[in-house]
Amino acid sequence: MPEISRFFGIVIKMYFNDHGPPHFHAEYGEEEALFSIRELEVIEGGLPPRATALVLEWAQANRSALMKNWDSIRGGATPRRIKPLV
């Protein structure tokens with residue numbers, strides 16, 4: 001699964017040929033959550049509240065790039081890295 005970003009101990013990934021709706025995976029320590037790109041909400045799993053807030057802040061700023069990556073990865077291409085939250 002390609003890693004597309006990493007910040008504050010949070011790793012953002014997308015799986016090749018993953019199921020819909022468009023989403024990305026965020027890992028923090030031993031915890032993982034799936035976030036919807038369109039609605040910017042947790043659709044499965046969970047992270048601590050502060051990590052969730054950071055992921056949502058990052059996703060809001062990068063929603064267009066996330067959708068482009070989703071479309072690319074669904075077409076078999078390697079997704080591009082997205083700048084981390086700073």
How close do [X] and [Y] get, counting heavy atoms only, and between which atoms?
X     : Y     : answer
His23 : His25 : NE2-NE2, 3.5 Å
Phe7  : Pro84 : CB-CB, 3.7 Å
Gly45 : Ala33 : C-CB, 4.1 Å

How long is the span from the [atom1] atom in [X] to the [atom2] atom in [Y], to the nearest 0.5 Å?
X     : Y     : atom1 : atom2 : answer
Glu3  : Met14 : CD    : CE    : 13.0 Å
Leu47 : Thr52 : CG    : OG1   : 4.5 Å
Glu27 : Lys13 : CD    : NZ    : 4.0 Å

Are Ile43 and Trp70 grouped together when hydrophobic residues (ILVMFWY) are joined by side-chain heavy atoms under 4.5 angstrom apart?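 No; tracing contacts between hydrophobic side chains, which count when under 4.5 Å, never links both residues.
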
Are Ile10 and Val42 co-members of a hydrophobic cluster defined by side-chain heavy atoms under 4.5 Å apart? yes

Ring geometry between Phe24 and Phe35 (parallel below 30°, tilted from 30 to 60°, perpendicular above 60°): parallel

Are the side chains of [Y] and [X] in contact, using a 4.5 Å heavy-atom criterion?
X     : Y     : answer
Ile4  : Arg81 : no
Ile82 : Ile12 : no
Arg80 : Ser72 : no

Could you note down all residue pairs passing side chain to side chain donor-acceptor pair (under 3.5 Å) where residues 34-48 supplies at least one of them, sequence neighbours left out?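 Found Ser36-Glu39.
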
Report, one line per pair, each donor and acceptor closer than 3.5 Å where one atom sits in a side chain of residues 54-68; sequence neighbours left out.
from  : atom 1 : to    : atom 2 : distance (Å)
Trp58 : NE1    : Lys83 : O      : 2.9
Asn62 : ND2    : Trp58 : O      : 2.8
Arg63 : NE     : Ile37 : O      : 3.4

